[in-house]
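Both counts, for ligands and for their atoms, begin at 1 and track the order of listing.
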Amino acid sequence: MKPSENASRLPIRPRRLRKSAAVRALVRETRVEVSKLVQPVFIIKGDEKEAIASLPGIFRIPLKDIGTHASELADLGLGGIAVFPKIDPALKDEQGTEALNADTLVLRAIREIKKAAPQLPCFSDIALDPYTTHGHDGVLTPDGSDVDNDATVEILCNMAVLHAQAGADFVAPSDMMDGRVGAIRAALDRAGLSQAGIMAYAAKFASAYYGPFREAVGASQGGGPADKSTYQLPPANRRETLRDALLDEQEGADILMVKPALPYLDILHELRNETRLPIAAYQVSGEYAQIHAAAQNGWLDLKKARDESLTAIFRAGADFVFTYFALAYARNIAQNSL
Ligand code: PBG
């Protein structure tokens, strides 16, 4: 057939879908929703909130203010709160004994949060790094050369029971020991806590992006292996990561997490196709710090970089995101909708 004189030489023009804001909104595929963002919160015992130099806009919150803080997050419609204690260094020892103190800071914080904002999902980290003098996520082997897997898992089970009893909706083992999800599930069930969920840090990499977090919780360094690479995943390995993450599903995890987020979107995407469980992604401290640092220099637009990074994480397949931007994002949305 002879093409008509008027026929465009270019019948397929994708730009038709981008011609106006209204059309772009119609065809938009991915949205960042406040209810899908979880705010990580650092907790201290003291009276005054403390700024964290490497995490602009993020503070260590005193225990006495944590209830009010949780209420604000709930009122803004955020998806949850994740609690991380910074304890008095005098309470740390080689075994992380303070983690099993039934009245330790984080347990008091969880109780306050559940009192002030009972509907706000509360995630609590299960690992020993805030409590050990060497800063590792578990206890060391007798010769100090490595983290002792099975001895650590036993302690984490007891820790998880305490956190769930205090009211945590999901305990979140972030330690990467073998077999900890199954052991924690069994311990919770034995303790009559079958409703307490497990969000496994399933694909957690030995990453350089945790630096500001370690400052925020005052994680110590010294003793044991030089870094966490005997338990956290190697950034170079895709197959090893998927195998390890899917074990957490088999062991009974309710939610799988990928962490960090932006450097590991391929893993997030692939895991999305391998599991029917919800997947969380953690936009970690270093990812947040990076955007802020560039914005402070005038090199990036803070809000645009924030929104683009979050959109990318959802597009790759996250159901929800742990992000230090959560509260600021929710406040922005609330202001704009006034
Ligand atoms: C503790 C834990 C870490 C983070 C969350 N839980 C640090 C680490 O594994 O060294 C990092 C979170 C962040 O960087 O924002 N195991």
Side-chain angles (χ1 to χ4, degrees), residues 37-43 52-60 80-87 92 96 98-99 106 123-139 147 149 152-153 155-156 159-160 163 168 170-177 180-181 184 198-222 224-235 244 248 255-264 280-293 309-310 313 321-327:
L37 304 179
V38 173
Q39 178 71 46
V41 173
F42 301 108
I43 297 149
I52 302 159
S54 54
L55 295 173
I58 301 295
F59 298 86
R60 299 187 193 95
I81 184 171
V83 285
F84 298 95
K86 177 179 192 268
I87 70 163
K92 297 187 185 190
E98 174 64 13
V106 73
F123 296 83
S124 75
D125 214 68
I126 304 296
L128 294 183
D129 55 315
Y131 306 101
T132 51
T133 38
H134 43 73
H136 279 290
D137 289 12
V139 294
V147 172
N149 193 88
T152 298
V153 169
I155 300 171
L156 297 181
M159 188 177 173
H163 285 234
F170 291 92
V171 294
S174 68
D175 56 291
M176 293 303 283
M177 296 301 116
R180 89 279 203 219
V181 171
I184 289 174
I198 299 177
M199 188 201 71
Y201 282 77
K204 176 171 178 177
F205 289 90
S207 171
Y209 287 88
Y210 308 148
F213 173 96
R214 291 181 188 163
E215 182 204 335
V217 297
S220 321
Q221 271 284 301
D227 58 29
K228 299 190 177 186
S229 48
T230 69
Y231 44 106
Q232 297 180 346
L233 286 158
D244 198 331
D248 289 354
I255 302 170
L256 303 180
M257 171 175 269
V258 175
K259 168 190 181 185
L262 220 50
Y264 296 95
Y282 199 145
Q283 184 176 48
V284 299
S285 57
E287 299 181 72
Y288 175 90
Q290 222 173 20
I291 292 175
H292 265 281
S309 63
L310 287 169
I313 296 165
V321 179
F322 277 41
T323 173
Y324 299 92
F325 287 120
L327 177 56

Problem - Distance filter under 4.0 Å to Tyr282 heavy atoms, resulting ligand 1 atoms - result: 12 (C), 15 (O)

Practice task
Looking only at non-hydrogen atoms, find the nearest pair between Ala280 and Met199 and report the distance.
Solution key: CB-SD, 4.1 Å

Handout entry: Exceeds 12 heavy-atom contacts within 6.0 angstrom, atom OH of Tyr231
Key = yes

Handout entry: Shortest non-hydrogen contact from Pro212 toward Leu55
Key = CB-CD2, 3.7 Å

Practice task
Return the residue, atom name and 0.1 Å-rounded distance of the protein heavy atom closest to atom 12 (C) of ligand 1.
Solution key: Phe213 CD1, 3.3 Å

Problem - Ser309 side chain to Glu287 side chain, donor-acceptor N/O pair below 3.5 angstrom - result: no

Problem - Sub-4.0 Å atoms of ligand 1 with respect to non-hydrogen atoms of Asp137 - result: 16 (N)

Practice task
Using heavy-atom distances, let me know which of Val217, Asp125, Leu55 sits nearest atom 6 (N) of ligand 1.
Solution key: Asp125

Practice task
Could you find the nearest protein heavy atom to atom 9 (O) of ligand 1 and give me its residue, atom name and distance?
Solution key: Lys204 NZ, 2.6 Å

Handout entry: Test item, Tyr288 contacting ligand 1 (heavy atom, 4.0 angstrom)
Key = no

Problem - Min heavy-atom dist Phe322 to ligand 1 below 4.0 Å - result: no

Handout entry: Nearest neighbour in protein (non-hydrogen) for atom 14 (O) of ligand 1
Key = Ser285 OG, 2.7 Å

Exercise for the section: Using the test salt bridge (Lys or Arg N to Asp or Glu O under 4.0 Å), find all partners of Asp125 that sit at least two apart in sequence or belong to another chain. Expected result: none

Completion exercise
the protein heavy atom lying closest to atom 1 (C) of ligand 1 turns out to be Asp129 OD2, 3.0 Å

Problem - Top protein contact for atom 15 (O) of ligand 1, by heavy-atom distance - result: Tyr324 OH, 2.5 Å

Handout entry: Plane angle bin for Phe123 and Phe322 - parallel if under 30°, tilted between 30 and 60°, otherwise perpendicular
Key = perpendicular

Handout entry: Heavy atom of Lys259, distance to ligand 1 below 4.0 Å
Key = yes

Problem - atom 8 (C) of ligand 1 - nearest protein heavy atom and its distance - result: Lys228 NZ, 3.4 Å

Practice task
Could you tell me how the ring of Phe84 sits relative to the ring of Phe213: parallel (under 30°), tilted (30 to 60°) or perpendicular (over 60°)?
Solution key: perpendicular

Problem - side-chain contact (heavy atoms from CB on, under 4.5 Å) partners of Ile155, counting only residues at least two apart - result: Leu100, Leu128, Val139

Problem - Carboxylate-amine/guanidinium proximity below 4.0 Å for Lys204 and Asp175 - result: no

Handout entry: Polar proximity ligand 1 side, Gln232 side, N/O cut 3.5 Å exclusive
Key = yes

